[in-house]
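A short write-up of the structure that comes next.
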Amino acid sequence: MLFRQAANELNHLTDEEMKAVNKKWFDWISDIDAQGKLKDHGSRLEPAGKVLKPGGVVTDGPFVEIRERLGGFIVVSAEDLDEATTLAHGCPILEFNGSVEIRALLG
């Protein structure tokens, strides 16, 4: 599961509101773990970075040309994409106009 969100969607939250959001994330991931479905907690990603483009062009982030960013990921164990999608339904990012991209690992 890859978590995508508008680049500035959470900037307006107070510290207390961010604590509440973080608790929702913790609770949601803990629930998946309690079901024995969490295989890799993944990591949150820094909003800044670099992009390498064809021709060796390197740009710094945050990236002005994007409207959303990849904020992090987790790996879950599921029978199929439908089960993984069901697990994704409680994701807190959905409360903030974000999305969860659900994909299978190859191999």
Side-chain angles (χ1 to χ4, degrees):
M1 295 182 191
L2 303 162
F3 309 114
R4 297 183 186 279
Q5 186 167 46
N8 60 359
E9 187 66 31
L10 300 178
N11 290 351
H12 67 281
L13 297 181
T14 67
D15 288 344
E16 287 301 312
E17 290 169 328
M18 276 306 298
K19 286 180 188 176
V21 169
N22 288 335
K23 181 176 181 340
K24 287 180 182 185
W25 276 96
F26 177 82
D27 292 346
W28 176 68
I29 291 173
S30 293
D31 181 57
I32 293 172
D33 192 28
Q35 296 175 55
K37 301 288 183 180
L38 184 65
K39 296 301 174 191
D40 185 345
H41 189 272
S43 295
R44 289 179 60 194
L45 301 173
E46 289 286 336
K50 294 191 179 284
V51 173
L52 175 62
K53 296 182 179 182
V57 176
V58 177
T59 59
D60 289 329
F63 315 110
V64 200
E65 69 272 9
I66 65 168
R67 294 187 350 230
E68 67 176 19
R69 63 181 171 86
L70 177 63
F73 67 94
I74 62 171
V75 178
V76 300
S77 173
E79 291 295 318
D80 53 29
L81 283 177
D82 290 335
E83 182 184 5
T85 301
T86 298
L87 291 171
H89 274 276
C91 182
I93 205 163
L94 300 171
E95 297 176 32
F96 296 94
N97 299 316
S99 64
V100 182
E101 184 176 329
I102 301 136
R103 301 182 59 190
L105 296 173
L106 292 176

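- Using a 4.0 Å cut-off between charged nitrogen and carboxylate oxygen, Lys19 and Asp15 do not count as a salt-bridge pair.
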Just do the side chain to side chain contact (heavy atoms under 4.5 Å, CB included) check on Glu17 and Val21 with the steps written out, would you? CA-CA 6 Å; Glu17 290 169 328; Val21 169; 5.6 Å; no
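- Between Leu94 and Ser99, the shortest heavy-atom contact is CD2-CA, 4.2 Å.
- Within 6.0 Å of NZ on Lys37 lie more than 12 heavy atoms contributed by other residues, nucleotides or ligands.
- Although no hydrogens or angles enter the test, the distance criterion places no donor-acceptor pair under 3.5 Å between the side chain of Glu95 and the main chain of Pro92.
- Minimum interatomic distance between Val76 and Ala84 (heavy atoms only, all atoms of both residues): CG2-CB, 4.4 Å.
- A side-chain contact (heavy atoms from CB on, under 4.5 Å) with Ile74 holds for exactly one of Asp40, Leu38, Leu87; it is Leu38.
- Hydrophobic clustering of Ile, Leu, Val, Met, Phe, Trp and Tyr side chains at less than 4.5 Å, counting indirect connections, unites Phe3 with Leu13.
- Smallest separation of non-hydrogen atoms from Arg103 and Glu101: CD-OE2, 2.7 Å.
- Here the CG-CD1 distance, from Asp27 to Ile32, works out to 11.5 Å after rounding to the nearest 0.5 Å.
- Across all their heavy atoms, Ala88 and Trp28 have their closest contact at CA-CZ2, 3.9 Å.
- Residue Val100 comes nearest to Met1 through the heavy atom pair CG1-CB, 3.8 Å, listed as atom of the first residue, atom of the second, then distance.
- In terms of heavy atoms, Ile29 sits closest to His41 at CG2-CD2, 3.8 Å.
- In this structure, Lys23 NZ and Met18 CE are separated by 15.0 Å, a value rounded to the nearest 0.5 Å.
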